[in-house]
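Values reported hereafter were calculated over all heavy atoms of this structure, with side chains retained and with hydrogens, waters and symmetry mates removed. Keep in mind it's a predicted model, so treat the numbers as computed, not measured.
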Amino acid sequence: MKKASAETAARAEFLRCELAEHSHRYHVLDEPTIPDADYDRLLRELEAIEAAHPELIAPDSPTQRVGARPSGAFAEVRHEVPMLSLANAFTGEEVAEFVRRIRDRLDLHADASAMQFSVEPKFDGLAITLRYENGLFVRGATRGDGESGEDVTPNLRTIKAIPLRLRGTNVPEVLEVRGEVYMPRAAFEKYNEVARASDGKTKPMVNPRNGAAGSLRQLDPRITAQRPLAFYAYAIGAVDFGWNSDGALPTTHSRMLARLRDWGLPVSTLVETASGAEGCLDYYRRIGEQRDALPFDIDGVVYKVDVLAVQRELGFVGRTPRWAIAHKFPAQEQTTTVEDIIINIGRTGAATPAAKLKPVFVGGVTVTNATLHNIDQVARLDVRIGDTVIVRRAGDVIPEVAGVVIAQRPAGTQPWRMPERCPVCGSQIEREEGEAIARCMGGLSCAAQRIQAVFHFASRRAMDINGLGERLIEGLCDFGFVASVADLYRLTLVDLIEMKRLSDERDGTTPETVKGGKIATKWAENLIEAIDRSRRTTLARFLYALGIQHVGESTAKVLAAWFGDIGLVRTMPWPILKAVPDIGFEVARAIDHFFAQPGNQRVVDELLAHGVIIADAHRPIMKLSTALTPSRVLADMDIPRVTGKRSEQFAANAESLAAIARTSPKTWRAAGVPADTIEALQEFIATPDGHALFARCDDAMRLIREGSPKDGGETAGPLDGKIFVLTGTLTSMSRDEAKETLEALGAKAAGSVSKKTDVVVAGESAGSKLDKARELGIEVWDEARLLEFLARHPRL
DNA sequence: GCACCTCGAGTTCC
DNA sequence: CTCGAGGTGC
């Protein structure tokens with residue numbers, strides 16, 4: 001063996017110090033400063049060094065003992081049988097090696113049963129031991145360093161999953177049960193929800209394991225009792241049947257777990273037996289698939305040789321058994337540092353803080369950005385530039401900053417504050433009272449909002465301009481080729497190439513060339529073509545593309561269906577818009593406000609002038625015209641005291657709002673309207689705004705009446721009014737296509753299943769929506785049923 | 001006025 | 001996908 005270099009020796013010493021420190025923090029202070037994955041990595045590095053250079057093994061090396069001394073707050077308990085720690089495997093190869101080592105060691109007399117394993121999930125909680133004497137729970141302790149831990153009996157007694165007395169017969173005189181205290185995910189979420197609502201009085205927990213550890217180490221068991229902890233048993237320690245010698249223990253680990261279950265101890269239902277390395281790896285894969293759906297956190301699986309006699313024969317290396325190994329899942333948590341906290345300006349001006357991270361590999365991808373959502377979230381976490389943070393990428397795809405490692409905060413950091421001015425345009429950033437989000441007030445004069453507006457306009461569900469991405473839009477805006485979405489339809493090939501040249505020049509990038517040294521221009525041709533194609537569109541897409549606040553895809557569809565014409569929508573006063581179902585005060589006002597701005601009207605004019613064609617324009621539907629009575633519109637104006645009933649009195653026999661305005665108060669008094677209500681209406685009409693609103697509403701109502709078909713014109717599709725929900729993957733068409741087709745037949749496609757849903761179309765691997773549909777007894781179609789229906793009802 | 005349901009908007013990586 | 005907030009029915 002090669003002699004260790006001074007460098008290697010120094011590295012080993014460094015690792016020992018580092019590990020001792022983290023271990024102390026973890027076991028004694030309950031304040032983990034690095035995720036387990038990092039700890040494991042350091043430990044494995046040290047193990048590797050020590051394996052190569054045994055002379056470097058120091059008596060105080062963490063590889064020679066596990067954990068640190070318990071803190072003084074709880075009484076120390078010596079474990080009669082030491083609590084084990086397991087070796088870790090991270091790859092299938094390491095598991096195969098583990099199995100091979102066992103086979104080699106047992107070699108001559110190894111029969112098939114020696115290769116049987118009890119396989120179990122590895123709960124991410126806190127290992128404890130419970131002592132039962134004559135069936136009575138007498139003492140419980142944490143694992144501590146494996147030799148002795150802390151007496152947390154009063155706290156453990158509060159955990160309902162832990163039986164205070166064993167059930168059944170043949171209970172040993174002394175029984176020590178090993179298991180894991182954990183916090184179910186749902187309970188963890190609920191706890192944090194409450195904590196977050198408490199305005200900082202209760203701190204949220206970083207993760208369920210931390211929550212379990214913290215809860216168990218409460219000095220006051222009443223606090224522990226309020227924490228929703230649970231427990232699973234997975235092994236036994238000391239056992240003594242005393243004189244009752246006919247109660248011999250089972251001969252395999254799996255049967256022992258069954259026995260523990262008989263005694264009333266909770267044992268996970270996920271425990272199985274597996275045979276050989278393949279069996280273990282198959283279990284690993286299956287549990288891995290379920291991992292995100294489990295009600296508790298696990299960080300891997302454990303394989304244990306099932307036959308206890310074989311376990312005894314294999315014995316230990318140091319404190320880790322040769323007969324068991326923990327096979328860990330790839331980390332879904334990592335630490336990294338916050339290089340910067342920037343704010344992104346969205347289409348609506350929303351200023352959302354985001355952490356720029358030193359790249360880390362977590363959950364299968366490299367993460368460099370993580371949203372911090374809003375000011376409250378930053379304050380809650382107290383994330384600062386320079387901080388070391390724990391990044392998590394769990395079942396959901398989007399990475400989040402789970403917490404800050406306060407211990408590693410560099411000196412001189414400042415709490416982060418939302419800047420007062422927009423970093424892009426310098427406008428004021430304001431937060432509406434009671435709102436969660438701060439907004440840049442710059443509107444379209446803010447370059448960021450302009451770019452986002454154009455991006456939204458071009459997006460697939462809006463005008464669907466293929467190939468117009470954020471980078472290109474940035475260039476077009478920065479060099480003045482595009483100031484509003486209408487300018488897109490003015491662009492020429494020359495403009496695009498010139499823009500590209502300017503941005504290449506600015507960024508110092510060399511232009512891409514094709515064969516013959518010519519500058520690549522195909523993209524520009526394609527883009528011009530895509531822009532041209534987008535000219536022909538539908539009213540719903542057009543309205544959605546404009547990016548009116550609160551008008552998303554479905555509101556745009558509603559507007560398009562009811563008014564049918566852009567000329568109408570762009571002039572409607574809000575009380576008229578409000579008459580449409582699903583459009584309330586806020587949305588109606590937002591639409592009215594959008595079109596009240598001359599700049600926006602100009603953009604619409606220019607779009608139409610540049611050849612944008614709304615192909616599905618139609619007359620307003622009759623239902624709209626019938627819904628729009630003067631009394632209805634008056635009631636929707638929210639004039640103080642003028643309620644639905646009063647507005648009917650005002651509007652009795654009146655042809656229009658103007659007629660109402662002309663009517664003398666005497667007439668109403670005669671009809672029994674209270675004087676103060678009449679006064680309120682008169683006052684409203686007297687204001688310039690009120691007067692103008694009356695006139696606009698009258699005009700709008702006239703326009704709609706004149707535009708509406710006289711006959712019953714509208715054709716009802718075969719699925720009129722039916723609410724569909726699509727879920728899972730369809731093989732013959734995309735979900736969007738299916739949605740469009742169903743809508744063309746008159747159906748409405750909703751996002752989630754509820755009582756109102758008529759049909760759920762379930763494709764391949766449908767998930768929770770299908771379950772919910774079954775639960776509510778809603779009609780479910782598979783793809784074949786859908787296709788059959790569509791074949792019988794061709795699109796009109 | 002409150003509870004429930006939708007819809008809108010923002011987000012990450014490849 | 002998830003949160004926040006708007007719309008509507010009770």
K.L.:
Rounded to the nearest angstrom, tell me the gap between atom CD1 in A:Ile591 and atom P in B:dG8.
P.N.:
10 Å
K.L.:
Whole angstrom is fine here: how far is it from CD1 in A:Ile723 over to C1' in B:dC7?
P.N.:
13 Å
K.L.:
Is it true that the side chains of A:Ser534 and A:Asp464 contain a donor and an acceptor less than 3.5 Å apart?
P.N.:
no
K.L.:
Would you tell me if any nitrogen or oxygen in the side chain of A:Thr366 comes within less than 4.0 Å of OP1 or OP2 on B:dC13?
P.N.:
no
K.L.:
Which pair of heavy atoms, one from A:Ile566 and one from A:Ile614, lies closest together, and at what distance?
P.N.:
CG2-CD1, 3.7 Å
K.L.:
Report the distance from atom CD1 of A:Ile437 to atom P of B:dG8, rounded to the nearest whole Å.
P.N.:
15 Å
K.L.:
Can you measure A:Asn374 atom CG to C:dA5 atom P for me and round it to whole angstrom units?
P.N.:
10 Å
K.L.:
Side chain of A:Glu586: nearest nucleotide among B:dG10, C:dG6, B:dC7?
P.N.:
C:dG6
K.L.:
Return the polar atom pairs (N/O with N/O) between nucleotides 8-10 of chain C and the protein under 3.5 Å, or none.
P.N.:
{"unit_1": "C:dT8", "atom_1": "OP1", "unit_2": "A:Asp582", "atom_2": "N", "d": "2.5"}

K.L.:
Tell me the closest heavy-atom pair linking A:Glu470 and A:Gln452, and the distance in Å.
P.N.:
OE2-NE2, 3.0 Å
K.L.:
Between C:dG6, B:dG10, B:dT12, spot the one nearest the side chain of A:Ala354, thanks.
P.N.:
B:dT12
K.L.:
Grab the two heavy atoms, one from A:Ile576 and one from A:Ile704, that are nearest each other, plus how far apart they are.
P.N.:
CG2-CD1, 3.9 Å
K.L.:
For the side chain of A:Val587, counting heavy atoms from C-beta on, which of B:dC7, B:dG10, C:dG7 is nearest?
P.N.:
C:dG7
K.L.:
Between P on C:dA5 and CG on A:Asp376, what's the gap in Å once rounded to a whole number?
P.N.:
10 Å
K.L.:
Under 4.5 Å between any side-chain heavy atoms of A:Arg696 and A:Asp592, yes or no?
P.N.:
yes
K.L.:
Can you tell if the side chain of A:Thr388 reaches within under 4.5 Å of the side chain of A:Thr336, non-hydrogen atoms only?
P.N.:
no
K.L.:
Within the pair A:Asn369 and B:dC13, is there a side-chain N or O less than 4.0 Å away from OP1 or OP2?
P.N.:
yes
K.L.:
C:dA5, B:dC13, C:dG7: which one has an atom nearest the side-chain heavy atoms of A:Val367?
P.N.:
B:dC13
K.L.:
Ignoring hydrogens and geometry beyond distance, is a side-chain donor-acceptor pair present between A:Arg421 and A:Gln428 at under 3.5 Å?
P.N.:
yes
K.L.:
Take the protein atom CD of A:Gln549 and the nucleotide atom P of B:dC7, then report the distance between them rounded to whole Å.
P.N.:
19 Å
K.L.:
Look at the side chain of A:Ser554 and decide which nucleotide, out of B:dT12, B:dG10, B:dG8, has an atom nearest to it.
P.N.:
B:dG8
K.L.:
Nearest whole Å is fine: how far is C:dG7 C1' from A:Asp636 CG?
P.N.:
13 Å
K.L.:
Rounded to the nearest Å, what distance is computed from the CZ atom of residue A:Arg589 to the C1' atom of nucleotide C:dA5?
P.N.:
17 Å
K.L.:
Within the structure, does a side-chain N or O atom of A:Thr368 lie under 4.0 Å from either OP1 or OP2 of B:dT12?
P.N.:
no
K.L.:
Does B:dG10 have OP1 or OP2 sitting under 4.0 Å from an N or O in the side chain of A:Thr371?
P.N.:
no
